[in-house]
There are 2 protein chains.
Amino acid sequence: MAAAIAVADADGIGAVSMRAVAAALHTGAGSLYRYLSSRDDLLDLMVDQAAGELRPYPEAGDDWLDTMLLLARRQLDLYRRHPWLVAVLPRPTAPGPQSLAWFDHCLAVLRPVPAATTTKFEAIAMMIGVTSLFARQETAAPPVGFTGIDLAAYPNLAAAITDPSPSAPRDLFATTVRSVLRGLLVDDAG
Amino acid sequence: MAAAIAVADADGIGAVSMRAVAAALHTGAGSLYRYLSSRDDLLDLMVDQAAGELRPYPEAGDDWLDTMLLLARRQLDLYRRHPWLVAVLPRPTAPGPQSLAWFDHCLAVLRPVPAATTTKFEAIAMMIGVTSLFARQETAAPPVGFTGIDLAAYPNLAAAITDPSPSAPRDLFATTVRSVLRGLLVDDAG
DNA sequence: CTAAAACTGCAAACGCCGTTCGCGGTTTCG
DNA sequence: CGAAACCGCGAACGGCGTTTGCAGTTTTAG
């Protein structure tokens, strides 16, 4: 499993083939099936192993929103360390113990929030999703320039990219996460 | 290409193999390479073809936020019609003409918003991302019950799922999209 | 009209993939 | 010590994306 994660970190999730992992272990591909039922099984184990890196969890502070943002940042860092995670996560699979523990901790942080359980679940799911979106965008190699695009057909886009109006630098991730959590969990801001 | 979309709608993106598409066209797999350079090429064409279904675009109304939400709903409906889209989109690929046209329309809707161009780009990207998150969640077959999970190890989760506090039904998608767009595009709400 | 050029469909083949299976060799346990 | 369990291994199966050479057809040029 550690070998599989090493391969994924180095060459991407596409390089995590049974033969490649087995080769890293100096053994044959078929031998892995003594311990795994399938490749999906291996991926599940890799995900939960990576989720374990989120420990130790930061303590809950005074402001639950700040704490949640800190949790989100930790997860974003995890995605940066293991870019293959964002590609592997969106499979319909049961969460492992480490993932459940992290989810449990999120619920603990949200304890002082007066919202329904269902709402909290949705909010956490959204926070995870938004974090994965940012990780994916960062991973995508070059911020696609508009080379080779006929701008004549897209007037608004043409006008936009020639607009030199500067934007004040800000923490886009923090802004988005806060907006989502506040929008879902705080009544008057819905 | 229409054949490929038909296969994907019926049996998922995994069933879109060169041989399957060729079989639907009563031809051989290799023959497709007379018109496509690779399988990724086919997927790109499928995506842009699907993006064409977003036309005609709804006219911009008085409230740009309402209009953007309507655009997001149209896109969510598209994802519902073609669930394979959410699995195919997150590849690093250049957007096709239909996708660009839709993006251009979004910029037109955001014209009255006093924000930097970069900010608008980020906001649109986030809207697309959040929409895909919802589509993915809907597609994921059964809302995973907590069967077979040892709740003893996760106290907060155990307490949460036994909590019968009802939540007022609300439009989660609208709430989230509005929160994100407002958080990114409206100054005082950051 | 004819000959050359371009295009098209097709089957076979290559190398990769996940997975299964049966074989000997090794370890563990009664 | 013998039996049972476990282990690693190579071969094999079917499927995948893709390449390639060969016929047949269509278009173009002389």
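Quick caveat, the model's predicted, so the values are computed rather than measured. Note on naming: letters A, B, ... go to the chains in the order of the sequence lines (proteins, then strands), and numbering restarts at 1 for each one.
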> Has Asp63(A) got more than 12 heavy atoms of other residues, nucleotides or ligands less than 6.0 Å from its CG?
Replying inline: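 Yes, enclosed.
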Quickly work out the [X] [atom1] to [N] [atom2] distance and round it to whole Å.
X        : N       : atom1 : atom2 : answer
His26(A) : dC9(D)  : NE2   : P     : 11 Å
Leu25(B) : dC10(C) : CG    : P     : 10 Å
Tyr35(A) : dC6(D)  : OH    : C1'   : 8 Å

Under 3.5 Å, which N/O atoms of the protein pair with N/O atoms of nucleotides 15-19 of chain D?
from    : atom 1 : to       : atom 2 : distance (Å)
dC16(D) : OP1    : Ser17(B) : OG     : 3.4
dG17(D) : OP1    : Arg39(B) : NE     : 3.0
dG17(D) : OP2    : Met18(B) : N      : 2.9
dG17(D) : N7     : Arg19(B) : NH1    : 2.6
dG17(D) : O6     : Arg19(B) : NH2    : 2.9
dT18(D) : OP2    : Tyr33(B) : OH     : 2.7
dT18(D) : OP2    : Arg39(B) : N      : 2.7
dT18(D) : O5'    : Tyr33(B) : OH     : 3.1

> Given the rule in the salt bridge (Lys or Arg N to Asp or Glu O under 4.0 Å) test, do Asp77(A) and Arg80(A) qualify, once you have shown the distances and angles that lead to the verdict?
Replying inline: CA-CA 5 Å; Asp77(A) 286 337; Arg80(A) 286 170 175 154; 3.0 Å; yes
>> What I want to find out is whether Arg91(B) reaches Asp44(B) closely enough, with some N-O distance under 4.0 Å, to be called a salt bridge.
In response: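 Counted as a salt bridge, because a side-chain N and a carboxylate O are separated by less than 4.0 Å.
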For residues 108-118 of chain B, please give each side-chain donor-acceptor pair under 3.5 Å, one per line with the distance, not counting sequence neighbours.
from      : atom 1 : to        : atom 2 : distance (Å)
Arg111(B) : NH2    : Asn156(A) : OD1    : 2.8
Thr117(B) : OG1    : Ala160(A) : O      : 3.4
Thr117(B) : OG1    : Asp163(A) : OD2    : 2.8

> Less than 4.5 Å apart, any side-chain heavy atom of Leu151(B) and any of Thr162(B)?
Replying inline: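 SC-SC contact between Leu151(B) and Thr162(B) ruled out.
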Side-chain donor-acceptor distances from residues 10-32 of chain A under 3.5 Å, at least two apart:
from     : atom 1 : to       : atom 2 : distance (Å)
Ser17(A) : OG     : Ala20(A) : N      : 3.1
Thr27(A) : OG1    : Ser31(A) : OG     : 3.2

> Nearest to the side chain of Arg34(A) - dC22(D), dG8(D), dC9(D)?
Replying inline: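 From the listed options, dG8(D) comes nearest.
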